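Residue numbers run from 1 in the order of the sequence given. Treat the numbers as computed from the prediction; the structure is a model and nothing was measured.
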Amino acid sequence: MKEERVLLSVKGLRVHFPGRKSGGAAKPVPVRVVNDVSFDVFQGETLGLVGESGCGKTTLGRALIRLGTPEVSGEISFEGRDITALGNREFRSLRKEIQMIFQDPFGSLNPRLTVGQMLSEVLLVHKIARGEAARQRVGELLDVVGLNREYINRYPHEFSGGQRQRLGIARALALNPKFIICDEPVSALDVSIQSQIINLLKDLQRELGLTYLFIAHDLSVVEYISDRVAVMYLGKIVEIADSAELYANPKHPYTSALLSAIPNPLPGAKKERILLHGDQPGPMNIPTGCSFHPRCPSATPECSRREPQFKALSDSPSHKVSCLLYE
């Protein structure tokens, strides 16, 4: 952890989408994608967020910058200001401070705009620069992300996947943000390109003092870039700890299962794999009690009846876990 100053604080966050009527219900049953999530992000750190596909990672990230129109409740505080209580005009000024890098580097870029037009548009909308000043700023952004200034008149389809993601990073940096949400920024790239983008993000963080929420499912990548790691299962964070602590000493059975799936790089080395039975339930069929108990190898009858609290371990205040085994 680089600094103890809280930049972003999330308390009791819930994100529900309208659902369909189920059985004899009079009203549609809401789809509970994020359920009572609380965590802090410290200035200058990278908080990794991992979990299976469909667990709510991306929805959580998008809720932090109010993308989409789901039902959101709880508190999202950025530098002491509650984002959920701000009007659209007030939040627009705050959006300069919080940006997002998307998973699909091609789908997130406008195919009809050149690089210069795309990046200049961001500057113009937020009244930062226009004309020659905007063009100069675009050139600086291309330098920062390792692209040639001559690319300013090219279109997105003329770039490789790694180059497009660099453009996505340049767009996120255009407004000089303090906090960037990285939504699986390397999952669509080749392994060799992934390392280049990850190292670029680390370099930018060091040079510009950035703070990241890094959403991914590749646990090896998350271990490399993160200061702390939060593990999400079926809409809830079930464990959060310093990266080294979590990888060396996981407490939640789900975290242990995830880490056991990381391949061992040593030739011939054997690793005990923890196999989970069944698939992750959908957000409309969340089990009672602990949501993980139907797949948990350590579950007891009590786990199906009582929901565990998310709290710190007695011997490690920075390590929090949601499991009845530690209550």
Suppose we screen for side chain to side chain donor-acceptor pair (under 3.5 Å). Which residues come up paired with Ser73, at least two apart in sequence or across chains? none

Looking at residues at least two apart in the chain, or sitting in another chain, which of them share a salt bridge (Lys or Arg N to Asp or Glu O under 4.0 Å) with Lys251? none

Considering residues at least two apart in sequence or located in another chain, which fulfil the side chain to side chain donor-acceptor pair (under 3.5 Å) criterion with Glu223? none

Which residues satisfy the side chain to side chain donor-acceptor pair (under 3.5 Å) test with Tyr254, sequence neighbours excluded? Glu52

Please determine whether the number of non-hydrogen atoms from other residues, nucleotides or ligands lying under 6.0 Å from atom CG of Asp279 exceeds 12. no

Set of residues satisfying salt bridge (Lys or Arg N to Asp or Glu O under 4.0 Å) with respect to Arg95, sequence neighbours excluded: none

Set of ring pair (Phe, Tyr, Trp, His ring centres under 6.0 Å) partners for Tyr151, sequence neighbours left out: Phe159

Scan for salt bridge (charged side-chain N to carboxylate O under 4.0 Å, His left out) pairs involving residues 309-327, sequence neighbours excluded, and state none if there are none. Arg306-Glu327

May I ask you to check whether Tyr155 and Asn110 show a side-chain donor-acceptor distance below 3.5 Å? no

So which residues get pulled into Leu325's cluster when ILVMFWY side chains under 4.5 Å apart are joined, directly or through others? Leu313, Val321, Tyr326

Among pairs that include at least one residue of residues 149-167, which meet salt bridge (charged side-chain N to carboxylate O under 4.0 Å, His left out), considering only residues two or more places apart or in two chains? Asp143-Arg149

Inter- and intrachain pairs under ring-ring contact (aromatic ring centres under 6.0 Å, His included), touching residues 72-131, at least two apart: none

Atom pairs and distances, side-chain donor-acceptor, residues 129-136, under 3.5 Å, sequence neighbours left out:
none

Can you list, pair by pair, the side-chain donor-acceptor contacts under 3.5 Å of residues 207-214, counting residues two or more places apart and other chains?
{"unit_1": "Thr211", "atom_1": "OG1", "unit_2": "Gly44", "atom_2": "N", "d": "2.7"}
{"unit_1": "Tyr212", "atom_1": "OH", "unit_2": "Leu201", "atom_2": "O", "d": "2.7"}

